[in-house]
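What follows is a set of notes on a single structure, which appears directly below.
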Amino acid sequence: MTIQVITVPDIGGAENVDVIEVCIAPGDSVEAEQSLLVLETDKASMEVPCPEAGKIVSVKVNEGDTVSEGDAIVELDIQGAAVTAAVTAAEPAPAPVEQASEVSEVSDTSATASSDMPLIVPDLGGAENVDVIEVCVAVGDEVNEGDSLIVLETDKASMEIPAPAAGKVAALSVGEGDKVSEGDSIGSLLAAGAAPVAEAPAVESAPAPVAEAAPPATPAPVAPAATPAPVAPAAAGGEQPITVPDLGGAENVDVIEVCVAVGDEVSEGDSLIVLETDKASMEIPAPASGKITSLALSEGDKVSEGDAIGVMLAEGAAPAPAAAPAPAPAVAPAPAAPSPAPAAAPTAAAAQGKDDGIYAGPAVRKLARQLGVDMKEVKGSGPRNRLTKDDIRAYVKQVIKEKDEKKITGGTGIPPVPEVDFSQFGPVEMVKMSKIKKLTAANMSRNWLNVPHVTQWDEADITELEAFRKDMKAEAEKRGTKLTPLPFLLKAAAAALRAEPSFNVSMHADGEHIVQKDYVHIGIAADTPNGLVVPVLRDVDKKGLWQIADEVNVLIKKARDGKLTPKDMQGGCFTISSLGAMGGNGFTPIVNAPEVAIMGVSKAQVKPVWNGKEFEPRNMLPLTVSYDHRAINGADCGRFFTYLVGAIADIRRLLL
């Protein structure tokens with residue numbers, strides 16, 4: 001008796017999957033591909049087949065249990081059934097009493113290769129958990145090689161999985177709405193012209209010495225069932241996939257330009273694509289020199305970290321080594337079904353984006369983007385609440401109907417500005433806003449409408465600060481550092497945030513808590529050719545002036561060159577918006593939620609200031625602080641401003 005432990009196969013990365021049915025019991029005889037149990041995830045149910053014929057010795061799971069890949073299901077006696085079948089088929093004549101017969105050759109009928117060909121999901125270009133949007137065949141259908149079996153859809157493309165050979169569909173293990181990954185089972189195919197089951201050859205007996213009994217007859221080793229030839233890897237030696245690098249946590253980032261085409265030669269560092277987030281654009285460089293062999297995306301697509309960009313053949317790559325010939329089997333196997341040809345990899349396959357919690361296919365997502373619909377606001381009517389195109393269209397119709405009925409007057413409930421045909425007054429030009437400018441406009445509107453703003457004004461005497469800064473000019477030039485007033489303002493603001501922690505908070509989304517922060521990261525509003533961006537300098541309170549100056553200069557340059565990443569613009573506690581020499585006498589900056597305060601810096605002017613005895617000229621810097629009155633009171637701002645102005649006027653206080 002040979003006992004084999006059968007385990008849960010690859011189930012696409014799912015874990016703790018429910019066992020909803022156990023199809024066998026101890027003592028049952030089972031055939032290859034017979035269902036052992038049925039599993040159910042939150043998206044699909046699947047049957048776990050027996051890999052070969054045998055007899056169930058024990059069952060390791062029960063209905064209601066949960067299992068993961070590799071967990072033991074049953075113990076299977078894979079030899080007992082085979083021996084019984086072989087002896088029954090052979091039935092040799094009994095030998096005389098004086099002689100014992102020796103079985104010289106027995107072939108096991110159960111070892112005959114099955115004509116069922118397994119159907120598996122081919123290479124999907126790295127995509128996982130891809131939606132099955134259509135099943136094109138049913139069990140019993142006759143198909144030709146290349147006929148479509150199922151249609152898959154990622155968030156980038158749809159693709160058909162073809163039949164690897166002509167034949168009859170024997171089983172299907174997926175349904176519409178399921179999710180599959182490379183290597184998952186689709187079903188099985190009874191290949192056309194499959195060889196019939198081989199009969200066991202006759203048993204030859206030979207005389208044995210009278211005085212000595214022959215040993216018991218033993219069946220010959222079971223010939224292994226033929227397995228499909230392995231699918232050749234999609235990329236030849238030297239080809240390397242190109243994926244989207246770390247984007248600082250940003251997801252579904254717009255591809256605004258594809259800089260290369262298939263067949264182009266590129267050098268290491270050359271731009272492949274340009275991405276644009278809501279704050280910055282960034283170029284993705286080639287990881288090495290070589291030739292672009294395929295591209296998996298185009299302008300207008302959305303990508304996340306790890307998504308496929310394409311494939312390149314690196315310079316100097318060696319050709320793929322020839323496959324070694326398979327060794328001849330020790331025991332000739334029975335005729336087997338032809339090995340399935342490798343299924344053609346989808347030409348437009350791309351890695352699926354990270355799950356956003358919305359159950360919808362790419363075609364539905366594309367329609368929602370075209371119509372400007374927030375899918376989180378739409379209720380799905382498909383299986384398991386899946387969003388359909390009809391759901392998107394119905395939602396749009398309802399919004400239009402409500403607007404027509406005057407139930408809503410705009411996105412915020414505020415009457416919209418009427419549309420005006422400006423061309424009636426003279427020549428005009430329609431200039432498309434960059435994404436950064438559009439999102440800045442939306443953010444400013446949201447912040448202005450949601451945050452109850454209060455603005456306080458003051459002036460800081462920077463006479464001594466400017467004298468010190470000019471004294472340090474030669475040393476700054478020697479260091480290669482540009483020392484502007486901004487590092488002093490950042491250092492003073494950091495000290496004030498520590499002294500008045502009521503400013504270093506955010507309102508929690510539940511409206512019932514305030515988040516108190518124990519770090520000091522300060523945003524710096526920067527004007528760039530693409531629009532306003534706010535890079536964030538981290539741990540300002542822990543850094544000296546030289547380090548602050550160096551890091552500020554790097555951030556500002558990255559901002560103006562469009563090289564900021566989303567991580568560079570996250571986590572701010574407070575923002576400084578400086579208009580410098582352009583600043584006039586003052587302005588009221590808008591709070592950059594979820595921060596609760598922002599400081600505006602205008603143009604310094606020399607003014608007469610009374611010192612108790614006389615007026616003397618002093619260099620005065622106008623400052624304004626806008627704050628969220630839900631989190632900060634006027635007295636809090638008074639203390640904050642008093643400390644800040646004092647620290648700027650006497651920078652020695654920053655050492656305390």
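All figures in this text were calculated on a predicted structure; none of them were measured in a lab. Residues: numbered from 1 along the sequence shown.
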Acceptor/donor pairs from residues 524-535 side chains to any protein atom, 3.5 angstrom cut, sequence neighbours excluded:
from: T528; atom 1: OG1; to: N530; atom 2: N; distance (Å): 3.2
from: T528; atom 1: OG1; to: G531; atom 2: N; distance (Å): 3.2
from: T528; atom 1: OG1; to: G531; atom 2: O; distance (Å): 2.6

query: Atom NZ of K558 and atom NZ of K563: how far apart are they, to the nearest 0.5 Å?
result: 10.5 Å

- prompt: Of the non-hydrogen atoms in T388 and S381, which two are nearest, and what is the gap between them?
  reply: OG1-OG, 3.9 Å

message: Between K478 and E475 (salt bridge meaning N to carboxylate O under 4.0 Å), is one present in this structure?
response: no

query: So, N447 side chain and M444 main chain: donor-acceptor pair closer than 3.5 Å or not?
result: no

Carboxylate-amine/guanidinium contact K543 E551, below 4.0 Å: yes

- prompt: Run the side chain to side chain contact (heavy atoms under 4.5 Å, CB included) check on L465 and I648 step by step: do they pass?
  reply: CA-CA 7 Å; L465 184 154; I648 294 173; 4.0 Å; yes

task: Taking side-chain contact (heavy atoms from CB on, under 4.5 Å) as the test, write out the residues that go with Q370, two or more places apart.
output: K366, L367

field: Test item: D550 side-chain N/O and Q547 main-chain N/O as donor-acceptor pair under 3.5 Å
entry: no

Pair E128 + K179, salt bridge at N-O below 4.0 Å: no

task: Compute the ring centroids of Y643 and F503, then answer whether they are less than 6.0 Å apart.
output: no

query: Below 4.0 angstrom, N of the basic side chain to O of the carboxylate: do E500 and R639 qualify?
result: yes

query: Is the shortest heavy-atom distance from the side chain of S304 to the side chain of N252 under 4.5 Å?
result: yes

field: Side chain H453, main chain V451, donor-acceptor under 3.5 Å
entry: yes

field: Selection residues 509-523 - residue pairs positive for salt bridge (Lys or Arg N to Asp or Glu O under 4.0 Å), sequence neighbours left out
entry: R498-D518

Side-chain donor/acceptor of N504 to backbone N/O of Y519, under 3.5 Å: yes

- prompt: Taking it one step at a time, do R630 and M507 satisfy side chain to side chain contact (heavy atoms under 4.5 Å, CB included)?
  reply: CA-CA 8 Å; R630 296 174 300 173; M507 296 292 297; 4.0 Å; yes

- prompt: Taking side chain as C-beta onward, heavy atoms only, is T624 less than 4.5 Å from T588?
  reply: no

Basic-acidic side-chain contact under 4.0 Å: K376, D374: no

- prompt: Is W448 atom CH2 crowded by more than 12 heavy atoms from other residues, nucleotides or ligands, each under 6.0 Å away?
  reply: no

field: N-O pairing of K379 and D391 below 4.0 Å
entry: no

message: Between R652 and D650 (salt bridge meaning N to carboxylate O under 4.0 Å), is one present in this structure?
response: yes

message: As an exercise, state the distance from CD of E466 to CG of D471, rounded to the nearest 0.5 Å.
response: 11.0 Å

- request: Measure across L545 and F488 and return the closest heavy-atom pair with its distance rounded to 0.1 Å.
  value: CD1-CE2, 3.6 Å

query: For the residue pair A476 and L483, what are the closest heavy atoms and their distance?
result: CB-CB, 4.1 Å

